[in-house]
Amino acid sequence: MGEQVISLAAKGGIEEIGGKARNLMDLMAAGFPVPEGWVVSTSAYEQFLERNALRQRISDALRDLDYQDAVKVVRCAESIRGWMMAGEMDPHLAERLLKDTASFGPAGLGAVRSSAIAEDLDEASFAGQQDTYLNVTRERLVECVKRCWASYWNDRAIEYRHDKGIGHLDSGMAVVVQRMVNADSSGIMFTSDPITGEEKIIIESSWGLGESIASGLVTPDRFICDPGTGEVKESKINSKVQAIFLSPEGEKVVDVPEGERNRPSLTRGKVELVAKLGIQLHKQMGSPQDIEWAAEGDKIYL
């Protein structure tokens, strides 16, 4: 068995860390600003299965499963997830996670995201099949890692692997744990128009965390930038009445002061900084990118 916890600043093979973590490691190695974090490797997942005698139990449950019967698939998935959540994590691993995340600051909030081994491969896309947990306190860290492991066994993922001919127990689940950025503003960026394919940088931005955009709480500001230089060519500033910020209790929806509602949530300089990072990332990856970003103080994180 390999290392159970691997820093995102280190290097790991995809068989240890999964597609999502590999991309983050590659970005960090190339000098892009990525929030600090670690990967709970597939070795930790495999040891969890062995520690709780789950491998044979899961294999037995799947052996005679009728994949044509959706109800049976759902019930089987629920049973396996229940076994996963009832299992005990290695105390040394739990202690290591708490020690490593102590550097996340006074709030200590993290993002816990699944990183399946088959994820992001050309022949299989597991996007949306497993779970992500945000604003995770250190007290909930172990639980949320286990929830990510358990999400490998939701009914959609089981059916997907079956349809693609991917062995359920042939590959495992890694989990990314990153510091939650205490964002002043955040949003998304496309390095080409996702609808028309036109070469231009599109940046959407709002106050606080990006969840306010994802949830539809606000209509974000929108900036169009030159795909070669990052220079702002167009901008539309919308009224942003509410925002979501981090707090010791997690996410908190707040009313934006009237004087801030119609002010750009990102200065022109920061818009162009985000755009230039997008241009660099497009070149690094060799294809158009859909990027989440956050501004914390003077820093931009991808």
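In this text the structure is predicted, and so the values were computed from the model without any measurement.
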Parallel, tilted or perpendicular: ring planes of Tyr152 versus Tyr45, cut at 30 and 60 degrees: perpendicular

Salt bridge present between Glu272 and Arg268 (N-O < 4.0 angstrom): yes

Heavy-atom side-chain contact between Arg51 and Phe48 under 4.5 Å: no

pair Leu24-Met28: side-chain heavy atoms closer than 4.5 Å: no

cation_pi(Arg179, Tyr301) dist<6.0 Å, angle<=45: yes

Asp221 and Ser265: side chain donor to acceptor below 3.5 Å: yes

Check: Ile80 and Leu62 side chains under 4.5 Å, non-hydrogen atoms: yes

Contact check, side chains of Glu260 and Trp207, non-hydrogen atoms, under 4.5 Å: yes

Six-ring centre of Trp153, Arg147 cation under 6.0 angstrom, axis tolerance 45°: no

Donor-acceptor side-chain pairing of Gln4 and Gln47 below 3.5 angstrom: yes

Worked verdict on Ser43 versus Glu3 for side chain to side chain donor-acceptor pair (under 3.5 Å): CA-CA 7 Å; Ser43 290; Glu3 183 71 21; over 6 Å; no

Salt-bridge contact Asp60-Arg63 (side-chain N to carboxylate O under 4.0 Å): yes

